[in-house]
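The model shown is predicted, which means the values in this text are computed figures rather than measured ones. In what follows, chains are A, B, ... by sequence order, proteins preceding strands, each numbered from 1.
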There are 2 protein chains.
Amino acid sequence: MTPSSTSRSPNSARGDLFDPGCPTRRLLDRIGTKWTSMAVKVLAEASPEEVRFAELQRRMTGISQKMLSATLQGLTRDGLVARRVEATVPPRVHYRLTPLGRSLEEPLAALREWAEAHMAEVDRANRRGDEASAGSSPAVPPARAGSPPRPPR
Amino acid sequence: MTPSSTSRSPNSARGDLFDPGCPTRRLLDRIGTKWTSMAVKVLAEASPEEVRFAELQRRMTGISQKMLSATLQGLTRDGLVARRVEATVPPRVHYRLTPLGRSLEEPLAALREWAEAHMAEVDRANRRGDEASAGSSPAVPPARAGSPPRPPR
DNA sequence: CTGAATCCTGGTTGATACTG
DNA sequence: CAGTATCAACCAGGATTCAG
């Protein structure tokens with residue numbers, strides 16, 4: 001997720017800006033990151049209740065503190081998540097979706113439905129392609145084959 | 001990319017098998033890549049017409065041949081795109097969405113609508129955060145403000 | 001308990017050049 | 001025209017450690 005600055009693009013030795021405007025591209029840059037969409041989902045499920053940091057980590061199996069922190073920061077900066085700090089001695093931080101964040105849950109759910117309905121077929125297509133080149137065809141090495149170790153759920 | 005799931009590591013790498021992967025995560029891994037969703041969009045707009053390789057590259061500003069090729073291969077392997085080759089002397093290759101691919105266009109369009117409706121607000125939220133720490137009292141000294149020369153590792 | 005700072009890795013992208 | 005191969009760079013993200 002592009003850390004800060006939607007206004008400028010700090011990288012690129014020479015121009016690599018393909019499209020400055022396309023909001024869809026930028027949205028995908030965000031929700032496409034490993035944990036963002038899961039965080040939104042978990043927070044949406046709890047909504048309107050708040051969820052604490054540790055609780056979030058518990059519900060998002062496999063996420064590290066760093067990534068949870070970074071993900072929540074990103075979402076907070078984007079205005080999708082609200083952060084509330086209890087200034088107690090062991091500080092408690094609560095997170096919840098903003099209305100904007102909840103509105104994102106809708107298209108995200110549509111994506112989830114599609115995934116659950118059709119990803120099996122995608123996998124089947126992949127397997128067909130795999131066995132087609134299974135014998136010996138060095139010409140087309142599979143760019144991403146059957147089961148890349150994708151960690152978390 | 002760990003070709004097969006046999007990512008045996010003699011001694012160093014600790015456990016890497018975590019999760020079979022929820023379908024949503026895997027879907028996002030695909031459409032979250034830089035060009036995939038754009039390709040689907042462009043192909044969907046042309047549907048049911050076919051689009052040739054060069055034409056696709058023309059419509060997807062900034063994409064390199066390599067990435068276009070890789071993107072189309074991925075989509076084809078996933079069963080979202082169909083490929084047709086005209087065996088002429090200068091070969092012509094045509095691409096079009098499969099029914100499966102067209103079905104993906106739907107949730108993707110929902111995402112696009114959300115993006116166009118709300119990304120401006122996301123940007124506003126980002127700007128608010130930026131100027132909050134951009135003032136005269138940088139609570140967080142920028143480690144690399146405008147570092148032009150990125151020393152190689 | 002929350003979260004920031006640091007080091008390191010490999011997967012992803014890009015530019016370029018070559019082939020059929 | 002439609003790719004592929006190679007080289008180099010970048011960045012997400014995981015582990016670890018430190019701090020309030």
Please tabulate, for the side chains in residues 90-100 of chain A, all donor-acceptor contacts under 3.5 angstrom to protein atoms that are two or more places apart in sequence or on a different chain.
unit_1	atom_1	unit_2	atom_2	d
A:H94	NE2	A:E86	OE2	2.8
A:T98	OG1	A:G79	O	2.7
A:T98	OG1	A:L80	O	3.2
A:T98	OG1	A:L100	N	3.4
A:T98	OG1	A:G101	N	3.1

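- When the C1' atom of C:dT16 is taken as reference, atom CG of B:L68 falls 17 Å away, rounded to whole Å.
- Qualifying side chain to side chain contact (heavy atoms under 4.5 Å, CB included) partners for A:A117, counting only residues two or more places apart in sequence or in other chains: none.
- Applying a 4.0 Å cut-off to non-hydrogen atoms, none of the residues of residues 40-49 of chain B approaches DNA chain D.
- Taking atom NZ on B:K34 and atom C1' on D:dC11, their separation rounds to 11 Å, with Å as the unit.
- Here salt bridge (charged side-chain N to carboxylate O under 4.0 Å, His left out) pairs that include residues 106-120 of chain B, with residues two or more places apart or in two chains, are B:E105-B:R112.
- For the pair A:K66 and D:dA12, the criterion of a side-chain N or O lying under 4.0 Å from OP1 or OP2 is not met.
- B:W35 pairs with exactly one of B:I63, B:L68, B:L56, B:V42 by the side-chain contact (heavy atoms from CB on, under 4.5 Å) rule, that one being B:I63.
- Position along DNA chain C of the nearest nucleotide to A:E55 versus B:Q65 favours A:E55 as the more 5'-ward residue.
- The interatomic distance linking A:M60 (CE) with D:dG13 (C1') rounds to 13 Å, in whole Å.
- One atom, CD1 of B:I63, and another, C1' of D:dG3, lie 13 Å apart when rounded to the nearest Å.
- Between C:dG3, D:dG3, C:dC1, one nucleotide has an atom nearer to the side chain of A:R52 than all others, and that is C:dC1.
- Nucleotide D:dT4 holds its P atom 13 Å from the CE atom of B:M67, rounded to whole Å.
- Residue B:S69 places no side-chain N or O under 4.0 Å from the OP1 or OP2 atom of D:dA2.
- Here the P atom of nucleotide D:dG13 and the CG atom of A:D29 are 11 Å apart, to the nearest Å.
- Residues passing the side chain to side chain contact (heavy atoms under 4.5 Å, CB included) test with A:P107, sequence neighbours excluded: A:L104, B:A110, B:L111, B:W114.
- With rounding to whole Å, A:R58 atom CZ is found 16 Å from C:dT2 atom C1'.
- In terms of phosphate contacts, B:Q57 brings no side-chain nitrogen or oxygen within less than 4.0 Å of OP1 or OP2 of D:dG3.
- In this structure, A:T61 OG1 and A:M38 CE are separated by 7.0 Å, a value rounded to the nearest 0.5 Å.
- The side chain of B:F53 lies closest to D:dG3, out of D:dG3, D:dT4, C:dT13.
- Under the side-chain hydrogen bond (donor to acceptor under 3.5 Å, both in side chains) criterion, A:R58 pairs with A:E55, not counting sequence neighbours.
- Rounded to whole Å, atom P of C:dT13 lies 10 Å from atom CH2 of B:W35.
- In summary, B:R127 and B:D123 do not engage in a salt bridge, as defined by a charged side-chain N under 4.0 Å from a carboxylate O.
- Listed by first then second residue, pairs satisfying side chain to side chain donor-acceptor pair (under 3.5 Å) with a partner in residues 38-50 of chain B read B:E50-B:R84, not counting sequence neighbours.
- Contacts of residues 83-98 of chain A with DNA chain D (heavy atom under 4.0 Å): A:P91.
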